[in-house]
Enquirer: 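Handing you this structure, nothing more for now.
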Amino acid sequence: MPPLAPTVKLNNGRDIPALGLGTWQATPGEVREAVKHAIDAGYRHIDTAAVYRNESEVGEALQEKFKEGAVKREEVFVTSKLWNTCHRPELVVPTCKKTLADLKLDYVDLYLVHWPFAYKEGDEFYPAENGIAITTDIDYLDTWKQMEECVNLGLAKSIGVSNFNSKQLSRLLEAATIKPVINQIECHPYLNQKKLIEFCKQRDIVVTAYSPLANPSITMPAGGLPLLQNPKLKLLAAKYKKTVAQVVLRYVFQLGTVPIPKSFTKKRIEENIHIFDFELSNDDVTDISKLNKNYRVFPHAQAKHSKYYPFHDEF
Ligand code: NAP
């Protein structure tokens, strides 16, 4: 059996594996193989979302692994997310049930509000006019009450948020009956999120780090050197006899977050989970932190007119 990632305690007493597999940007067939390979490689945490349009395939892969006896349901931590078009309170529970049907599961381990702002309802995931998202003013506090209902109904073991800034989290914490366990945010050496991580830590909210490799498939603005080609990181990779991706994931883990790198390449899926057998020195962590330039892979600028857009504030 391959070594498993350690676990991190959530504020409701449950455990989350300290590294997961991201599943965004799948072409048909890819994600099924990736999830199965990841389970074989020791992953016990899969991150998906309705908007990735791959929950059925993720579910098929999980079912195959359950049937094979490779893992039991209770040994795998599955996260999904409520999309922006489904924030109206009446839609939350049915949308969660649809995700469960697609995943072929009785419950998700974690259900997240994907973004704090809402989009016009309908079949289109990205309703827009001239490149500008059509948003609505549904308050995420009203959505949250129904996220709590998902827990009460046993559809989700834990609930949390994604892409919330510190003010939005404070407002949510004041109103919530069930506290969010996670804030899933973009985090990598070019956007190390130290202030928001510290803010979450003080409130016992775990941070999941998305795009932990600064998603090399997305071209950086002109002149920007892709993270995995950074010379400082290459030197550190040689020093620790690891790959640059492993150094980056280890850094993100040592910041106190749970990275969820996506790969559909077998070798990289294996590579990305092998970060728990070495430790970066404090000096090297400090050095990597100097690479921060507040570069966002996902500014989601098409929604920046929304009153709930999270990235106008510093953190
Ligand atoms: P990422 O994990 O930073 O990068 C993924 C890219 O890196 C893929 O193109 C992958 O290629 C490549 N890659 C993976 N491992 C590698 C390695 N060891 N060496 C070189 N290249 C490697 O970016 P992401 O997919 O944007 O983020 C990860 C996950 O976070 C997503 O899949 C999704 O589950 C979640 N996410 C959440 C949000 C949110 O709003 N909550 C937003 C974005 C992402 P191959 O697949 O070809 O190997």
Side-chain angles (χ1 to χ4, degrees), residues 2-8 16-25 34 37-38 40-47 182-198 200-201 206-221 223-298 315:
L4 305 180
T7 57
V8 174
I16 182 169
L19 184 131
L21 180 77
T23 63
W24 181 56
Q25 287 185 311
H37 189 64
D40 293 340
Y43 287 65
R44 295 293 179 266
H45 172 181
I46 310 291
D47 181 85
I182 292 265
N183 188 18
Q184 182 178 126
I185 55 175
E186 183 178 334
C187 177
H188 45 73
Y190 286 167
L191 178 73
N192 68 33
Q193 299 269 24
K194 282 201 172 170
K195 289 187 178 166
L196 188 50
I197 292 170
E198 184 53 31
C200 290
K201 200 171 162 190
V206 171
V207 168
T208 308
Y210 77 68
S211 306
L213 303 171
N215 198 330
S217 78
I218 293 176
T219 313
M220 291 192 60
L225 188 63
L227 182 69
L228 298 185
Q229 290 173 32
N230 185 283
K232 188 183 272 184
L233 295 171
K234 283 186 180 175
L235 284 176
L236 287 171
K239 173 178 166 183
Y240 286 96
K241 298 191 172 47
K242 288 283 179 180
T243 65
V244 175
Q246 287 169 326
V247 167
V248 167
L249 294 172
R250 180 73 205 188
Y251 167 77
V252 169
F253 170 69
Q254 283 185 223
L255 288 179
T257 77
V258 172
I260 48 166
K262 171 263 172 183
S263 178
F264 293 159
T265 312
K266 279 189 169 186
K267 197 178 136 297
R268 290 173 175 169
I269 290 173
E270 290 163 25
E271 175 184 326
N272 292 347
I273 199 172
H274 282 92
I275 63 157
F276 300 106
D277 54 359
F278 76 113
E279 188 171 352
L280 299 168
S281 71
N282 288 342
D283 284 350
D284 289 335
V285 168
T286 305
D287 256 7
I288 298 175
S289 291
K290 289 181 189 150
L291 297 176
N292 184 54
K293 48 176 142 183
N294 294 327
Y295 161 67
R296 276 186 199 282
V297 178
F298 292 104
F315 72 97

Enquirer: Taking NZ in K266 as the centre, count heavy atoms belonging to other residues, nucleotides or ligands within less than 6.0 Å. Is the count above 12?
Expert: no
Enquirer: Just how far is it from atom CG of L19 to atom OH of Y43, taken to the nearest 0.5 Å?
Expert: 5.5 Å
Enquirer: For Y240, what residues pass the ring pair (Phe, Tyr, Trp, His ring centres under 6.0 Å) criterion, not counting sequence neighbours?
Expert: F278
Enquirer: Of all the heavy-atom pairs spanning A38 and I269, show the shortest one and how long it is.
Expert: CA-CG2, 3.8 Å
Enquirer: Output, in order, the C-alpha distance, side-chain angles, deciding distance and verdict of side-chain contact (heavy atoms from CB on, under 4.5 Å) for K232 and I288.
Expert: CA-CA 8 Å; K232 188 183 272 184; I288 298 175; 5.6 Å; no
Enquirer: Taking atom CG of N192 and atom CG of N292, what is their separation to the nearest 0.5 Å?
Expert: 4.0 Å
Enquirer: Only counting residues at least two apart or in another chain, list the ones meeting salt bridge (Lys or Arg N to Asp or Glu O under 4.0 Å) with K239.
Expert: D284
Enquirer: Between F253 and A18, what is the shortest heavy-atom contact and its length?
Expert: CE1-CB, 3.8 Å
Enquirer: Rounded to the nearest 0.5 Å, how far apart are CG of N183 and OG1 of T208?
Expert: 8.0 Å
Enquirer: Considering residues at least two apart in sequence or located in another chain, which fulfil the salt bridge (Lys or Arg N to Asp or Glu O under 4.0 Å) criterion with K293?
Expert: none
Enquirer: Check C187 against L255 and note the closest heavy-atom contact, atom names and distance.
Expert: SG-CD1, 4.0 Å
Enquirer: Measure from the ring center of F298 to the ring center of W24 and say whether it is less than 6.0 Å.
Expert: yes
Enquirer: Looking at N272 and P261, would you say the former's side chain and the latter's main chain have a donor-acceptor pair under 3.5 Å?
Expert: no
Enquirer: What pair of heavy atoms forms the shortest contact from E186 to S211, and how long is it?
Expert: CG-CB, 4.2 Å
Enquirer: Determine, stepwise, if the pair N230 / L291 fulfils side-chain contact (heavy atoms from CB on, under 4.5 Å).
Expert: CA-CA 9 Å; N230 185 283; L291 297 176; 3.7 Å; yes
Enquirer: Would you say the side-chain atoms of Q184 and D47 include a donor-acceptor pair closer than 3.5 Å?
Expert: yes
Enquirer: Report yes if the side chains of V207 and I182 come closer than 4.5 Å at any heavy-atom pair, otherwise no.
Expert: no
Enquirer: Less than 3.5 Å apart, any donor N or O on the side chain of H188 or Q193 sitting next to an acceptor on the other?
Expert: no
Enquirer: Check the side chains of Q246 and R250 for a donor-acceptor pair under 3.5 angstrom, ignoring hydrogens and angles.
Expert: no
Enquirer: Go through it in stages, so that I can follow the logic: the residues are L21 and I260, the test is side-chain contact (heavy atoms from CB on, under 4.5 Å), and I'd like the CA-CA distance, side-chain angles, deciding distance and then a yes or no.
Expert: CA-CA 5 Å; L21 180 77; I260 48 166; over 6 Å; no
Enquirer: Would you please say whether a donor-acceptor pair under 3.5 Å links the side chains of K262 and T23?
Expert: no
Enquirer: Who passes salt bridge (Lys or Arg N to Asp or Glu O under 4.0 Å) against D283, sequence neighbours left out?
Expert: none
Enquirer: Evaluate whether atom CG of N282 has more than 12 neighbouring non-hydrogen atoms of other residues, nucleotides or ligands under 6.0 angstrom away.
Expert: no
Enquirer: Examine distances only and state if a side-chain atom of S263 and a backbone atom of R268 form a donor-acceptor pair shorter than 3.5 Å.
Expert: no
Enquirer: Please confirm whether the backbone N or O of H274 pairs with a side-chain atom of K242, one donor and one acceptor, at under 3.5 Å?
Expert: yes
Enquirer: For K241, give me all partners under salt bridge (Lys or Arg N to Asp or Glu O under 4.0 Å), at least two apart in sequence or on another chain.
Expert: none
Enquirer: Using 0.5 Å steps for rounding, measure from the CZ atom of R296 to the CD1 atom of I185.
Expert: 8.0 Å
Enquirer: Run the side-chain contact (heavy atoms from CB on, under 4.5 Å) test on L196 and C200 for me, step by step, so that the C-alpha distance in whole Å, both residues' side-chain angles and the decisive distance to 0.1 Å come before the verdict.
Expert: CA-CA 6 Å; L196 188 50; C200 290; 4.3 Å; yes
Enquirer: Between the side chains of E271 and T243, is a donor N or O closer than 3.5 angstrom to an acceptor N or O?
Expert: yes
Enquirer: Minimum heavy-atom separation for F276 and A5, please, with both atom names.
Expert: CE1-CB, 3.5 Å
Enquirer: First locate atom OG1 of T257, then atom OH of Y251, and finally report the distance between them rounded to the nearest 0.5 Å.
Expert: 9.5 Å
Enquirer: Do any N or O atoms from the side chain of Q254 and from the backbone of L280 form a donor-acceptor pair under 3.5 angstrom?
Expert: yes
Enquirer: Under the side-chain hydrogen bond (donor to acceptor under 3.5 Å, both in side chains) test, which residues partner H45, sequence neighbours left out?
Expert: none
Enquirer: If I compare all heavy atoms of V244 with all of L228, which pair ends up nearest, and what's the gap?
Expert: CG1-O, 3.7 Å
